[in-house]
Amino acid sequence: MAVFELVIALLFVGAVLAALARRMNAPYPAMLALAGAALALLPNVPSVTLDPALALALFVAPVLLDAAFDSSPRDLKANWRSVTGLALVAVGLTVAAVAVVARALVPGMPWAAAVALGAIVAPPDAAAATAVLRQLRPPHRLLVILEGESLFNDATALLIYRLAIGAAVTGTFSPVSALPMLALVSLGSVTLGTVLAWVTLRVLTRIHDVATAVIVQFLSTFAVWLIAERLHLSGIITVVVYAIMAARTAPDVTPARLRIPSYAVWEVVVFVLNVLAFILVGLQLKPILARLERAELIGFAVTAAAVTAALILVRIVWVAGYAAIAPTLRGRPAIVVAWCGMRGIVTLAAALALPIGFPYRDLILFTSFCVVLGTLVLQGMTLRPLMWGLALEDDKSVEREVQLARTETARAGLAALEAADHKEELVRLLRSKYEARLTADGMPAFTSVLRRAQAEERRTLSELRARGVIGDDAFHRVEEELDWAEVNADALARSAQ
């Protein structure tokens with residue numbers, strides 16, 4: 001019961017910290033990292049141990065699917081060189097550098113354990129960076145590169161992570177046999193993700209209840225991961241492919257009344273998982289800190305600081321070298337990419353997933369959390385001033401495409417009205433709405449009048465219930481209709497800005 005009460009309290013604290021982060025224009029994971037560190041130092045806090053086999057499935061699968069679902073294959077293809085360089089080469093260099101640093105500072109650490117540490121801290125988490133960058137409206141290519149890197153670097157790092165754990169457990173490793181196996185696993189994961197996306201969408205099209213549809217979405221996410229793991233494939237690659245393939249078809253087969261609430265639920269779930277990850281790491285660090293002597297704690301801190309410095313330096317060097325030969329990532333954008341190396345939930349989940357009794361597990365868990373804390377605070381908190389100093393401007397590419405889509409959809413709607421067999425006054429009313437959407441100058445006025453009308457509708461609806469003219473059942477039904485209309489009006493207002 002004490003643990004349950006603590007989790008509830010900390011979820012509330014997490015919500016407060018997220019609100020504070022928004023007011024400070026800072027990434028909320030940085031606040032959560034500070035809260036996790038404070039939790040590890042508080043007295044009388046219960047110790048909690050998470051089943052290592054559960055950590056990756058619980059924390060990584062939903063977060064990764066949420067990110068992959070919103071990715072753009074077209075934009076990823078246009079920036080594939082930059083994404084590939086960061087997701088493959090930069091991750092590989094980071095793993096190697098961290099392993100060497102760890103071995104130099106802790107000579108007794110086996111190479112397999114050092115490589116596992118490198119793989120755990122190698123993949124940056126784009127969520128913290130994009131949370132800040134989206135508010136500052138940088139060039140769209142920056143966001144594409146960072147989000148694309150975050151999708152695929154997890155797969156690279158966790159494949160190395162699995163190999164390192166296997167080598168530590170068995171004491172043997174053969175690159176000759178590992179490379180063909182990696183190729184086979186990757187191909188099988190892509191195939192499995194594609195097939196499961198097709199199957200899941202066939203099931204979801206038959207579900208019309210919101211709660212049932214959302215539950216099936218979550219269950220299918222975990223099912224995809226578990227099936228891939230049972231078949232000894234990559235859960236990461238499978239989930240990414242599954243999400244990307246599903247995203248191509250889902251908008252055409254999912255009604256809006258299911259899609260809007262499901263998006264809101266996913267946003268909340270990703271936030272809760274981030275809070276829980278930092279809570280669990282904080283709770284697991286407490287007994288580690290209690291066992292350490294002063295000299296050991298200093299040694300752990302030195303190792304964590306050296307590893308953090310190494311991975312930051314490797315990323316800066318790699319991006320600088322790549323930018324010198326690649327015209328797509330050069331100048332000020334390269335500086336931002338080089339500094340967006342914050343680690344997050346994937347690093348925490350991978351550290352928590354280490355088997356109990358793994359060599360130097362305490363040191364690896366401590367170092368991993370310090371890396372997350374250090375990068376989120378150092379890089380996350382300074383990203384906004386860096387962007388202001390560089391004065392990077394939005395290239396307006398997304399806004400141009402939004403305007404194009406708005407124009408073409410309005411024209412399609414007008415064309416459909418021409419063929420409509422309804423009363424002339426109704427057709428005239430709808431035609432005026434579509435023509436307003438086609439006029440850039442008319443859109444702000446249209447949305448302003450629409451919002452005033454909707455506010456009056458809500459006032460009248462509440463007054464009718466207060467006077468007892470209508471009951472709550474009727475009130476909530478009409479309220480739902482007004483909610484949907486308001487969502488549409490908000491979208492129009494944002495597009496008109």
Side-chain angles (χ1 to χ4, degrees), residues 33-34 36-41 45 47-53 55-56 59 91 94-123 157-158 160-171 173 277-314 341 343-378:
L34 291 171
L39 186 62
L41 300 175
V45 175
S47 176
V48 177
T49 301
L50 179 70
D51 181 2
L56 288 177
F59 294 115
V91 167
T94 301
V95 172
V98 169
V100 170
V101 169
R103 281 276 299 179
L105 293 174
V106 188
M109 177 181 285
W111 275 109
V115 171
L117 171 60
I120 289 171
V121 301
L158 290 182
I160 299 173
Y161 170 83
R162 291 288 173 82
L163 291 174
I165 290 179
V169 172
T170 63
F173 174 72
F278 283 100
I279 289 174
L280 287 170
V281 170
L283 293 178
Q284 294 206 26
L285 281 177
K286 186 173 181 61
I288 293 175
L289 295 177
R291 291 194 298 268
L292 293 177
E293 300 291 340
R294 179 179 176 82
E296 292 178 306
L297 180 59
I298 293 174
F300 274 34
V302 169
T303 301
V307 166
T308 303
L311 58 87
I312 291 176
L313 182 60
V314 166
R343 271 56 176 177
I345 192 169
V346 173
T347 292
L348 296 179
L352 291 170
L354 282 173
I356 302 297
F358 189 82
Y360 290 84
R361 187 179 191 273
D362 287 356
L363 174 60
I364 293 174
L365 184 59
F366 178 90
T367 301
S368 299
F369 180 77
C370 289
V371 165
V372 173
L373 177 63
T375 56
L376 283 174
V377 172
L378 174 62

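Note: hydrogens, waters and symmetry copies are ignored here, and every other heavy atom, side chains too, is used.
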Looking only at heavy atoms, what is the nearest atom pair of T94 and A122, with distance? CG2-CA, 3.9 Å
What are the two closest heavy atoms between V302 and L105, and how far apart are they? O-CD1, 4.2 Å
Is any side-chain heavy atom of M109 less than 4.5 Å from a side-chain heavy atom of T303? no
Ignoring hydrogens, what is the shortest heavy-atom contact between V98 and G118? Give both atom names and the distance. CG1-CA, 3.6 Å
Using a 6.0 Å cut-off, check whether atom CZ of R294 has over 12 heavy atoms from anything other than its own residue. no
Among V95, V115, L117, L354, which residue satisfies the side-chain contact (heavy atoms from CB on, under 4.5 Å) criterion with Y161? L354
For a quick test of reading the model, state the closest non-hydrogen atom pair linking A304 to F366 and the distance between them. CB-CE2, 4.2 Å
A116 versus F358, closest heavy-atom pair with distance: CB-CZ, 4.0 Å
Calculate, to the nearest 0.5 Å, the distance between atoms CD1 and CG belonging to I120 and L352 respectively. 9.5 Å
The reported gap from CG in L378 to CG in L373 (rounded to nearest 0.5 angstrom) is 10.5 Å
Hey, are the side chains of F300 and D362 touching, using non-hydrogen atoms and a 4.5 Å cut-off? yes
Rounded to the nearest 0.5 Å, what's the gap from OG on S368 to CZ on R361? Could you check? 10.0 Å
Minimum heavy-atom separation for A114 and R103, please, with both atom names. CB-CG, 3.8 Å
